[in-house]
Amino acid sequence: MKKIVIVGGGAGGLELATKLGNKLGKRGLAHVELVDANTTHLWKPLLHEVATGSLDSGIDELSYRAQAYNHHFTFHLGRMAGLDRERKELILAPISDEEKAEVLPERRLSYDLLVMAVGSMTNDFGTPGAQDYCSFLDSRLQADKFHQRLLNTYLKANNTASKKGNFKLNIGIVGAGATGVELAAELHNTASELAAYGLDQLKKDQLNVTIIEAGDRILSALPPRISSAAFHELSKLGVDVKTNTFIAEVTEQGFVTKEGGLIEAELMVWAAGVKAPNWMKELDGLETNRVNQLTVQSSLQTTHDESIFAIGDCSFMLQKDGTPVPPRAQAAHQQATCVYNNILNFLADKPLKPYVYKDQGSLVSLSRYSTVGSLMGNLTSGSMMVEGRIARLVYVSLYRMHQIALHGYFKTGLMTLSGRINKIIRPRLKLH
Ligand SMILES: Cc1cc2nc3c(=O)[nH]c(=O)nc-3n(C[C@H](O)[C@H](O)[C@H](O)COP(=O)(O)OP(=O)(O)OC[C@H]3O[C@@H](n4cnc5c(N)ncnc54)[C@H](O)[C@@H]3O)c2cc1C
């Protein structure tokens with residue numbers, strides 16, 4: 001029986017493992033196996049909400065073992081560290097516990113077909129001090145850590161503000177892409193919620209959130225009118241947006257610009273740039289680009305090895321217009337469906353179908369204040385700008401689509417209902 005191994009149970013990989021498990025694993029037509037470095041999955045676009053406490057990751061996360069049991073695939077906990085293409089084996093690093101005692105030694109897993117879906121990480125472009133002083137939002141663990149730092153910083157700032165009236169809490173975010181912009185708005189929401197829950201010495205105008213962007217506008221990947229709408233909303237909240245500002249160094253005091261200026265910040269987040277993990281650069285002769293993504297053909301098979309597919313943020317595919325498929329959840333979702341069909345075709349000796357990215361538009365959630373974005377429609381030529389309630393509805397539906405792919409309509413309906421109930425019975429913010 002053929003063995004299909006998927007590495008990375010994120011927006012793309014977990015949907016693929018679930019579909020293949022339901023189709024092939026259930027009927028004993030193939031072994032479907034999923035490898036992930038963590039025991040649970042949380043949809044990555046929710047991480048800024050976890051970081052600010054708007055979302056309790058403990059409620060929305062999904063256990064890989066439970067998903068594997070329900071959908072007929074095998075789950076392996078482990079971090080992929082290498083590949084042996086000749087023996088068709090991938091190498092998983094040893095696992096240690098918190099006291100550094102070994103739990104599992106290095107392991108090798110064999111495969112007939114391999115799907116790489118390990119996602120991406122923030123690219124700090126080697127900026128000195130970034131790793132030492134900035135928080136990153138690439139994983140649930142990092143988002144949880146940031147949340148704790150935010151609560152502690154707030155506790156301290158609230159105490160200082162009670163003694164010093166002119167005190168300011170400075171939070172700096174590098175990168176005005178969707179993550180940076182959404183995080184800035186969420187931070188303002190957190191501030192007003194914390195004030196409602198008793199940390200009310202720090203007044204609204206004492207919170208100074210700055211977004212720093214090297215380009216000339218925020219949300220540069222989206223149409224200019226969306227940038228303007230988001231900029232307008234951020235200005236209303238009092239977020240300071242510094243465009244055309246290049247950060248050369250990060251120190252304990254804050255961000256140092258190319259010109260030598262200092263943007264002071266107690267809490268710093270790096271949310272600019274995307275790259276695939278460094279260990280993928282030399283992955284047993286597979287072709288990669290300058291940000292370590294695996295180059296794929298239109299069938300999503302890697303260019304140097306047709307038994308290896310790559311999807312989502314860790315893959316690199318040029319479209320007809322010469323631009324790469326963007327690193328977005330919607331691309332990972334579409335590619336999971338394409339690879340699912342192509343694996344069925346591969347096993348049936350049928351020709352594989354090419355992947356074509358369908359841009360459904362992009363939405364940016366500015367917490368409870370607003371949602372702005374563009375939708376690509378068949379009726380309109382090009383994109384249509386949406387704002388407010390409709391935009392919010394479409395934004396939420398992206399996550400619902402992911403949940404439906406993992407759990408089906410009925411369970412997703414129940415989850416939506418329990419989410420509503422939780423909103424009534426739990427605090428509006430994760431306060432611990
Ligand atoms: C804060 C934030 C907000 C975002 N908002 C949006 C949005 O609104 N809309 C949108 O379209 N996109 C958004 N994105 C981008 C989107 O999250 C990604 O494009 C999408 O998650 C990519 O899916 P993926 O399957 O490639 O990887 P991921 O979803 O990142 O999953 C990768 C998986 O691989 C696992 N993994 C990593 N390394 C290893 C290893 N060595 N061994 C084993 N497992 C490994 C990880 O644990 C993870 O489970 C956002 C991203 C962030 C950070």
Side-chain angles (χ1 to χ4, degrees), residues 5-17 34-52 55 61-62 64 75-83 90-93 95 109 115-122 135-143 146 173 175 177-184 186 219 221-222 269-274 276-280 283 292-294 310-316 325-336 339 357 359-366 371-373 391 394-399 401-402 405:
V5 177
I6 300 148
V7 187
L14 186 57
E15 290 188 11
L16 179 62
L34 173 72
V35 177
D36 201 283
N38 297 300
T39 51
T40 59
H41 161 77
L42 184 79
W43 199 54
K44 205 174 171 184
L46 298 175
L47 286 183
H48 63 285
E49 293 185 36
V50 174
T52 52
L55 190 104
E61 69 188 343
L62 166 161
Y64 285 121
F75 172 65
H76 299 278
L77 177 65
R79 183 170 290 280
M80 182 174 171
L83 180 66
L90 55 101
I91 300 149
L92 301 183
I95 298 178
L109 277 186
V115 183
M116 295 294 295
V118 292
S120 64
M121 56 203 285
T122 310
S135 295
F136 295 82
L137 296 184
D138 291 324
S139 65
R140 202 211 69 197
L141 201 70
Q142 288 177 342
F146 178 84
I173 303 166
T179 306
V181 167
E182 291 183 339
L183 180 66
E186 282 295 347
L219 301 171
L222 304 185
V269 182
W270 195 282
V274 160
N278 290 337
W279 59 268
M280 282 178 54
L283 201 53
N292 311 329
Q293 291 168 313
L294 292 166
I311 61 170
D313 287 7
C314 74
S315 68
F316 172 71
V325 174
R328 296 219 188 126
Q330 56 173 307
H333 170 77
Q334 293 168 12
Q335 290 180 336
V339 166
Y357 174 57
D359 188 355
Q360 314 278 12
S362 299
L363 291 144
V364 181
S365 161
L366 301 166
T371 303
V372 294
V394 184
Y395 182 84
V396 173
S397 72
L398 276 179
Y399 181 42
M401 270 165 58
H402 178 62

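Here the structure is a predicted model, which is why all the values come from computation and not from measurement. Side-chain atoms are counted along with the backbone in the values below, which use heavy atoms only and exclude waters and symmetry mates. Both counts, for ligands and for their atoms, begin at 1 and track the order of listing.
- Considering Asp36, Asn38, Thr40 only, the shortest heavy-atom separation from atom 33 (C) of ligand 1 involves Asp36.
- Nearest heavy atoms, Phe136 versus Thr122: CD2-CB, 3.8 Å.
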Audit row: His76, Val5, side chain to side chain contact (heavy atoms under 4.5 Å, CB included) steps and yes/no: CA-CA 10 Å; His76 299 278; Val5 177; over 6 Å; no

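- Between the side chain of Asp313 and the backbone N or O of Gly119, no donor-acceptor pair lies under 3.5 Å.
- Closest to atom 53 (C) of ligand 1, if we only count protein heavy atoms, is Leu137 O, 3.5 Å.
- In this structure, atom 9 (N) of ligand 1 has its sub-4.0 angstrom surroundings free of protein heavy atoms.
- The protein heavy-atom contact nearest to atom 12 (N) of ligand 1 is Ala329 N, 3.2 Å.
- Annotation: side chain to side chain donor-acceptor pair (under 3.5 Å) contacts of Glu61 (sequence neighbours excluded): Thr40, Arg140.
- Between the side chain of Gln330 and the main chain of Gly361, a donor-acceptor pair closer than 3.5 Å is present.
- By the 4.0 Å heavy-atom criterion, Phe136 is excluded from the residues contacting ligand 1.
- Using a 4.5 Å heavy-atom threshold, the side chains of Leu42 and Leu62 count as separate.
- Among Gly10, Gly82, Ser315, the residue whose heavy atom lies closest to atom 31 (O) of ligand 1 is Gly10.
- Of the polar atoms of Gly312, none of the N or O atoms is found under 3.5 Å from an N or O of ligand 1, judged by distance alone.
- At the shortest separation from atom 34 (O) of ligand 1 among protein heavy atoms lies Gly8 CA, 3.3 Å.
- Residue contacts with ligand 1: Asp313 is placed with a nitrogen or oxygen under 3.5 Å of a nitrogen or oxygen of the ligand (distance criterion only).
- Put simply, the side chain of Gln335 gets close to the backbone of Gly312: a donor and an acceptor are under 3.5 Å apart.
- Taking a cut-off of under 4.0 Å to the non-hydrogen atoms of Gly9, the atoms of ligand 1 that pass are 33 (C), 49 (O).
- Residue Met80 has at least one nitrogen or oxygen atom sitting less than 3.5 Å from a nitrogen or oxygen atom of ligand 1, judged on distance alone.
- Closest non-hydrogen pair, Val50 versus Ala143, comes out as CG1-CB, 3.8 Å.
- Any N or O atom pair closer than 3.5 Å counts here, and Gly12 shares at least one such pair with ligand 1.
- Scanning all protein heavy atoms for the shortest distance to atom 30 (O) of ligand 1 gives Lys44 CD, 3.3 Å.
- Here the closest non-hydrogen pair linking Val325 and Ala331 is CG1-CB, 3.8 Å.
- If you number the atoms of ligand 1 from 1 as listed, the ones under 4.0 Å from a heavy atom of Gln330 come out as 11 (O).
- From the protein, the heavy atom lying nearest to atom 50 (C) of ligand 1 is Pro45 CA, 4.0 Å.
- Under the 30°/60° scheme for interplanar angles, the aromatic rings of His402 and Trp43 are found to lie parallel.
- Of the candidates Pro327, Ala143, Ala11, the one placing a heavy atom closest to atom 23 (O) of ligand 1 is Ala11.
- Ranking the protein heavy atoms by distance from atom 27 (O) of ligand 1 puts Gly119 CA, 3.3 Å first.
- Minimum interatomic distance between Ala271 and Gly180 (heavy atoms only, all atoms of both residues): CB-N, 4.3 Å.
- Considering all non-hydrogen atoms of both residues, Ala336 and Ile311 come closest at CA-CD1, 4.1 Å.
- If you number the atoms of ligand 1 from 1 as listed, the ones under 4.0 Å from a heavy atom of Gly78 come out as 42 (N), 43 (C).
- Looking at residues two or more places apart in sequence or on another chain, you find no salt bridge (charged side-chain N to carboxylate O under 4.0 Å, His left out) involving Arg79.
- For the ligand labelled ligand 1, residue Ala178 lies outside the 4.0 Å heavy-atom shell.
- Ligand 1 places these atoms under 4.0 Å from at least one heavy atom of Ala117: 32 (C), 33 (C), 34 (O).
- Using modelled atom types, no side-chain atom of Tyr64 and backbone atom of Asp36 make a donor-acceptor pair closer than 3.5 Å.
- Remark: distances from the non-hydrogen atoms of Trp279 to ligand 1 include one below 4.0 Å.
- When only interatomic distances are considered, the shortest N/O to N/O separation between Ala37 and ligand 1 falls below 3.5 Å.
- Nearest protein heavy-atom contact of atom 37 (C) of ligand 1 is Val118 O, 3.3 Å.
- Of the protein's non-hydrogen atoms, Thr179 OG1, 3.4 Å is the one closest to atom 2 (C) of ligand 1.
- Residue contacts with ligand 1 leave out His41, since none of its heavy atoms falls under 4.0 Å from the ligand.
- Nearest heavy atoms, Asp138 versus Gln142: N-OE1, 2.7 Å.
- The closest approach between a heavy atom of Pro277 and any atom of ligand 1 is not below 4.0 Å.
- The shortest N or O to N or O distance between Arg328 and ligand 1 is under 3.5 Å.
- Glu182 and His48 are linked by a side-chain donor-acceptor pair at a separation below 3.5 angstrom, with hydrogens and angles left out of the test.
- Of all the atoms in ligand 1, the ones that sit under 4.0 Å from a non-hydrogen atom of Tyr64 are 49 (O).
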